[in-house]
Amino acid sequence: MRSGTKHLRIASVIQIILGIASIALTYFLVGSLTSKDLVVAGITGKEALGILVATYAGAAFQVIAGIFGLLLSKKKSIITVIFGIILFIPQLLSFIHLDGNILLIIVNVLLLLIPYYYLHNAYKNFKDEK
């Protein structure tokens, strides 16, 4: 068995759970918004739709990356490494652009560890000679 197989599976399951939770949370939060909330936030309908589509696409990608991670965890696969990089970079950018709120910093550090865990183990799996 490759050195990153077990941990890649764990990271993949976590990615799937986060993706599904993000989709569910977005669905329920959007259902509770009114047009007055959007006006107060200064967001037009077109911008709100763009944000919604991007959120659903990102969550769906998390689920897809998790599924690929599970399926390819026993193989030497560059696609899991690429998915790991794609998962890691947006979270890193989100972390870099934080304000000084300590709670947001802690949450984003924890959320940054998950794609790093996936990427690290996907890379270990890819580099393993077995």
Side-chain angles (χ1 to χ4, degrees):
M1 184 155 61
R2 295 185 169 281
S3 63
T5 297
K6 178 182 173 186
H7 293 286
L8 182 58
R9 286 182 185 163
I10 293 168
S12 297
V13 169
I14 293 170
Q15 285 296 337
I16 292 170
I17 291 169
L18 283 176
I20 291 171
S22 180
I23 290 171
L25 184 63
T26 302
Y27 177 77
F28 289 117
L29 286 177
V30 168
S32 68
L33 288 176
T34 64
S35 60
K36 181 181 176 186
D37 295 329
L38 293 175
V39 171
V40 170
I43 299 173
T44 65
K46 196 175 190 179
E47 291 171 337
L49 179 61
I51 293 169
L52 184 62
V53 168
T55 302
Y56 277 130
F61 181 75
Q62 280 183 304
V63 173
I64 290 168
I67 290 170
F68 271 90
L70 284 174
L71 293 174
L72 300 173
S73 63
K74 292 183 180 180
K75 300 176 183 174
K76 183 176 184 171
S77 173
I78 188 70
I79 193 134
T80 56
V81 176
I82 292 169
F83 281 171
I85 292 168
I86 294 171
L87 288 168
F88 184 75
I89 290 175
Q91 192 62 45
L92 180 64
L93 292 174
S94 174
F95 177 73
I96 290 171
H97 288 69
L98 282 177
D99 292 333
N101 187 342
I102 190 70
L103 183 60
L104 283 176
I105 292 171
I106 292 170
V107 167
N108 272 283
V109 165
L110 293 174
L111 289 175
L112 188 61
L113 290 175
I114 296 165
Y116 171 76
Y117 185 54
Y118 182 98
L119 176 60
H120 174 73
N121 290 298
Y123 183 75
K124 274 177 56 176
N125 218 19
F126 179 71
K127 283 297 182 184
D128 199 1
E129 295 297 326
K130 293 181 183 177

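Note that these values count all heavy atoms, side chains included, but never hydrogens, waters or copies made by symmetry.
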message = Using the ring pair (Phe, Tyr, Trp, His ring centres under 6.0 Å) criterion, which residues pair with F68? Sequence neighbours excluded.
response = F83
key: Which residues share a side chain to side chain donor-acceptor pair (under 3.5 Å) with T26, sequence neighbours left out   = none
remark   = Closest non-hydrogen atoms of L72 and N125, given as atom of the first, atom of the second and distance, are O-ND2, 3.9 Å
ask   = Under the side chain to side chain contact (heavy atoms under 4.5 Å, CB included) test, which residues partner L25, sequence neighbours left out?
value = L29
request  = Return the set of residues passing side chain to side chain donor-acceptor pair (under 3.5 Å) with Y123 (not counting sequence neighbours), or none when no residue passes.
outcome  = none
task = Check whether any side-chain heavy atom of K76 lies under 4.5 Å from a side-chain heavy atom of D128, and answer yes or no.
result = no
ask   = Sequence neighbours excluded, which residues qualify as ring pair (Phe, Tyr, Trp, His ring centres under 6.0 Å) partners of F88?
value = none
key: Atom pair CG (L104) and CG (L111), whose distance is rounded to the nearest 0.5 Å   = 10.5 Å
query = Can you check whether I105 reaches F95 side chain to side chain, under 4.5 Å on heavy atoms?
reply = yes
query = Got a donor-acceptor contact below 3.5 angstrom from the T55 side chain to the I51 backbone?
reply = yes
message = Counting C-beta onward and ignoring hydrogens, is there a side-chain heavy-atom pair between K124 and N121 closer than 4.5 Å?
response = yes
key: Nearest heavy atoms of Y118 and L8, plus distance in Å   = O-CD1, 3.9 Å
query = Which pair of non-hydrogen atoms, one from L87 and one from Q62, has the smallest distance, and what is that distance?
reply = CD2-CG, 3.8 Å
task = For G66 and Q15, work out which heavy atoms get closest and say how close.
result = CA-CB, 4.2 Å
key: Qualifying side chain to side chain donor-acceptor pair (under 3.5 Å) pairs, either residue in residues 77-95, two or more places apart   = Q91-N108, S94-N108
Approximate separation, where rounding is to 0.5 Å, of T5 OG1 and I10 CD1 = 11.0 Å
key: side chain to side chain contact (heavy atoms under 4.5 Å, CB included) partners for I17, two or more places apart   = V13
task = With sequence neighbours left out, write down each residue that passes ring pair (Phe, Tyr, Trp, His ring centres under 6.0 Å) with Y116, or none if nothing qualifies.
result = H120
Sequence-distant partners of V81, side chain to side chain contact (heavy atoms under 4.5 Å, CB included), two or more places apart = I78, I85, L119, A122, F126
